[in-house]
Amino acid sequence: METISTENLVKSFGKIVALDGVSLRIEAGELFFLLGPSGCGKSTLLRCIAGLETADSGGIRFGERDVTGVAPHKRETALVFQSYALWPHLNVAQNIAFGLEERRVAKADMKRRVEEALKLVQLAGFGQRAIDQMSGGQQQRVALARALVVKPRCLLLDEPLSNLDAQLRLEMRFEIRRLVKSHGLTAIYVTHDQEEALSMADRMAILSHGRIAQIGTPEAIYRTPHSANVASFIGETNLIAATLRETNGQTVTVATVAGPLSGRLSDPEWRPQVGAAVQVSIRPEAWRLSGQAGDNVIGGNLVERNYLGQRIQYWIDTAAGRQQVVEINPWQIHSPGEVSLRLHVRPEDVLVLQETQAPNPQDRSN
Amino acid sequence: MKRRTAILLTVITSLLLAVFFLFPAWMVLRQAFEGHRADGTFFFTLEFISMVLRNPIYQEGLINALVLGVASTLASLLIAMPLALVGQRFEYPGKRVLGVLVLAPLILPPFVGAVGIKQLLGCNGALNALLIRLGAMDVRVPYDWLANGRFFGIIAMNALHLYPILYLNIAAALVKLDPTLEQAAQNLGCPPWKRFWRVTLPLTMPGVFAGAAIVFIWAFTELGVPLVFDYARVAPVQIFDGIKGLDKNPLPYALSAILLLVAIGVFVLSKWAVGSSRHGSTPRPQGRASAARCGPWRAAACSALFLGVFVLAVLPHLGVVLLSVAGRWYGTILPEQFTLHHYLEALGNGLVVPSIHNSLLYAGSATLLALVCGLAVAWVVERSDLRCRGWLDALVMLPLAVPGLVMAFGYLALSQEGKVFHCLIGSGGSPFLLLAIAYAIRRLPYVVRAAVAGLQQSNPALEEAASSLGASPARVLRRIALPLITANLAAGAILAFAFAMMEVSDSLILAQKTQHFPITKAIYTLLGTLGNGTELAAALGVWSMVFLTTSIVGATVLGGTRGGVLKL
């Protein structure tokens with residue numbers, strides 16, 4: 001178990017810049033997520049840490065050791081591939097034993113550890129099966145066992161669940177987190193599935209265009225995204241253009257075309273001037289449909305609804321544009337055509353963002 | 001680390017190719033374009049080329065070679081296209097076996113087959129005997145098919161030997177063709193024959209071009225078949241005959257240079273045609289159209305088509321087999337008596353046994369060399385990020401464009417007393433190294449394509465996974481990469497071995513002493529021997545075909561036809 005840090009990593013493929021100066025520090029024993037849309041550089045970052053790609057510049061450290069120029073097979077990481085990369089010419093036990101053989105583990109010890117690894121992923125007795133006799137979920141667990149059995153310094157997972165069906169994916173989330181935590185591993189997990197990240201991560205980094213847009217715990221990133229980009233990538237949000245009217249520490253009031261709203265600043269170190277152009281982010285589930293007039297209320301007409309059982313989505317036209325509203329466990333259901341509805345939002349749910357993204361966002365959440 | 005290895009491999013393989021491929025080809029060009037002044041200096045001249053072009057005998061030879069090349073290519077296309085289309089579209093009995101059988105002619109040496117053809121079609125051959133028996137021909141005036149139809153005989157032998165190259169290329173293009181493209185045309189009301197012209201054919205053109213270029217170059221520079229047919233008025237044979245006066249006469253060099261330039265021109269043209277056709281890059285289809293089941297009559301017709309082509313292609317070789325066990329076969333349909341005497345006699349012949357030993361040694365070493373180089377090149381091309389890997393890939397395919405005859409000629413010139421390659425001649429004038437290298441260089445493209453196909457099919461993540469679990473690059477190669485592409489490598493190696501065993505031009509030109517003759521030169525020599533030379537040659541031919549059949553069966557078992565060996 002050790003920390004992993006990268007300093008200013010840059011990697012480009014021809015004209016495409018995949019990593020544009022990435023610096024981060026992952027604590028020992030942390031389950032850290034790299035999250036972002038496809039093409040944001042998250043897989044490249046993981047492959048650089050595994051040593052499978054060589055960065056153009058910048059450095060990587062495992063603990064105090066600089067591993068920037070170290071060959072992949074000497075890094076003692078273990079990578080779980082999206083395609084699992086199980087060798088078809090070896091059976092399940094041989095696949096799992098491979099890394100142990102490379103580490104020259106004694107025969108008897110090896111046999112015991114392979115058995116243990118199989119038991120750990122609930123595949124005891126499957127050792128002699130050929131890879132193509134295993135289902136997708138089983139293959140996924142073999143890949144996991146193969147990586148865990150060598151007791152790596154760092155476990156790297158590249159979208160390991162993306163080829164599984166929804167039910168299995170849910171089960172494996174808890175399974176992977178349990179295995180990582182019980183082994184006390186430092187693990188980096190790449191995904192584009194935000195729910196996976198929110199439910200499993202200790203901390204996560206949002207990548208966008210080869211840069212880190214924000215680092216933080218799942219709650220911090222969901223509740224306090226630093227930019228409109230992050231806000232709309234993690235969950236959904238309504239963005240409204242506004243002007244800063246009044247500040248009082250973190251609490252501010254902004255003017256929108258639909259009237260004034262009180263809210264809070266997204267970034268505690270940001271000191272905006274009164275009169276500055278800002279953006280307001282309000283999550284769909286933060287809006288409440290209420291009949292009363294008052295503070296933080298704007299009016300609108302219902303144009304569309306989408307009933308989903310446990311929740312209902314409404315689209316409501318307001319002076320500040322079309323707002324998406326989600327009600328959990330809805331009782332009263334409104335119909336399109338209803339006019340003069342009132343939307344209310346708590347000040348703590350009104351997040352005031354800088355209009356443009358900060359050029360070099362730092363990790364400010366802890 | 002990986003990058004350094006890639007650079008090292010690139011340098012070594014490029015050097016090998018430069019010394020043993022570009023340099024000899026360059027030598028031939030130099031001799032053809034270089035004049036000598038009295039004071040010992042050189043100058044560039046087109047004199048020799050123009051002398052060749054003005055010489056009516058060489059003119060005829062060149063035109064005949066061109067006509068043979070074009071006609072053989074068209075004839076191959078006529079055989080290959082229907083086979084490929086039928087094979088892709090329909091289900092019929094014995095489809096898999098027949099699909100392999102029609103590939104067999106490629107490694108059955110036409111040089112040996114031509115011996116059989118003479119027995120079948122000669123004045124006193126089997127065909128005439130059959131016609132006389134049927135009363136369709138007068139015994140006193142037998143028709144000399146060979147003398148009158150020699151030209152067509154050569155075309156037929158070439159086409160029946162080379163069509164598998166086109167067949168494989170077209171079949172590969174058809175597999176890549178998205179079936180929905182044809183279905184869309186059908187859905188828009190296009191009838192089947194029109195669909196072929198307007199959709200299928202244009203989209204398979206890259207495959208046709210790639211295959212046709214190889215077939216053309218092969219037929220255009222074919223030496224063995226015209227030689228056995230005693231047809232001297234064609235450029236390759238004229239070059240072969242010109243070897244005797246090599247030292248003084250620059251004209252054979254000039255003639256070789258012309259063959260080389262035409263071949264390279266056609267090769268480049270085909271690459272350009274494939275490259276400029278945007279159809280080459282159609283994405284791989286998601287679904288595949290399953291072959292249509294058809295009625296019993298139509299299915300039988302499909303099987304019959306494949307079987308017919310196969311029988312026709314191996315008929316000359318059946319003639320060889322019969323000839324090798326024939327006691328007396330003169331003026332009858334089948335031999336009058338059968339004997340194993342020729343085999344026994346062959347075993348005592350001073351040419352036969354050493355030649356088998358020599359051929360196995362030369363071809364075996366060549367295969368090993370091609371395998372090592374081919375694997376190195378394929379790895380650089382598929383797994384490294386070197387900028388120059390595209391160039392390396394192109395360079396390594398170039399031996400396909402250079403006629404074996406021209407290369408052999410360059411090697412011969414360079415291995416003379418006092419020249420650079422003379423050190424490669426072993427004790428007693430053994431051409432072992434020279435032939436092994438010459439064979440290997442010209443078979444390299446097949447091995448490289450096979451290995452590249454294997455590496456393309458196997459996911460790089462499989463190798464990365466091993467690397468990430470602590471395996472060093474050498475261990476990754478041995479434990480993961482090689483086992484996964486064994487089938488492809490075996491298929492490529494076996495094809496290279498078969499082609500090397502039956503190589504004609506290098507063998508005839510470079511092996512000069514009886515005890516060093518490979519099988520092909522021994523056959524050629526035996527054919528010119530009086531007495532039962534022909535039968536002995538046939539017996540030796542059968543031996544060689546036994547080796548080759550064993551290897552193609554091996555190749556099929558190991559890699560099937562999926563190895564991508566000939567999908568150039």
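Throughout, a chain's letter reflects where its sequence line sits, starting with A, and its residues are numbered from 1. No hydrogens, no waters, no symmetry mates; every other heavy atom, side chains included, goes into these values. All figures in this text were calculated on a predicted structure; none of them were measured in a lab.
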[X] atom [atom1]: more than 12 heavy-atom contacts under 6.0 Å:
X	atom1	result
A/I16	CD1	no
A/R178	CZ	yes
A/H209	NE2	no

Supply the atom-to-atom distance [X] [atom1] to [Y] [atom2], rounded to the nearest 0.5 angstrom.
X	Y	atom1	atom2	answer
B/E464	A/D158	CD	CG	10.0 Å
B/R3	A/T54	CZ	OG1	8.5 Å
B/S467	A/L79	OG	CG	10.0 Å

Against chain B, label [X] side chain, backbone, both or neither, depending on which of its atoms sit under 4.5 Å from a heavy atom there.
X	result
A/F98	both
A/L100	neither
A/A50	neither
A/T77	both

Quick one, B/L469 and A/E102 - any side-chain contact, counting heavy atoms below 4.5 Å?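 No, every pair of side-chain atoms sits at 4.5 Å or beyond.
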
Between [X] (side chain) and [Y] (backbone), is there a donor-acceptor pair under 3.5 Å?
X	Y	result
A/R75	B/G470	no
A/H73	B/V476	no
A/W87	B/I480	no

Choice from A/K74, A/R146, A/E76 maximising heavy atom contacts with chain B below 4.5 Å: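 It is A/R146.
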
Region of B/L484 that comes under 4.5 Å of a non-hydrogen atom in chain A: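 Contact with chain A: side chain only.
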
Which atom of A/A85 lies closest to which atom of B/A461, heavy atoms considered: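 Residues A/A85 and B/A461, closest heavy atoms: CB-O, 3.4 Å.
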
Out of B/A466, B/P460, B/P483, return the one with the most heavy atom pairs under 4.5 angstrom to chain A.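 Result: the option with the highest number of such pairs is B/A466.
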
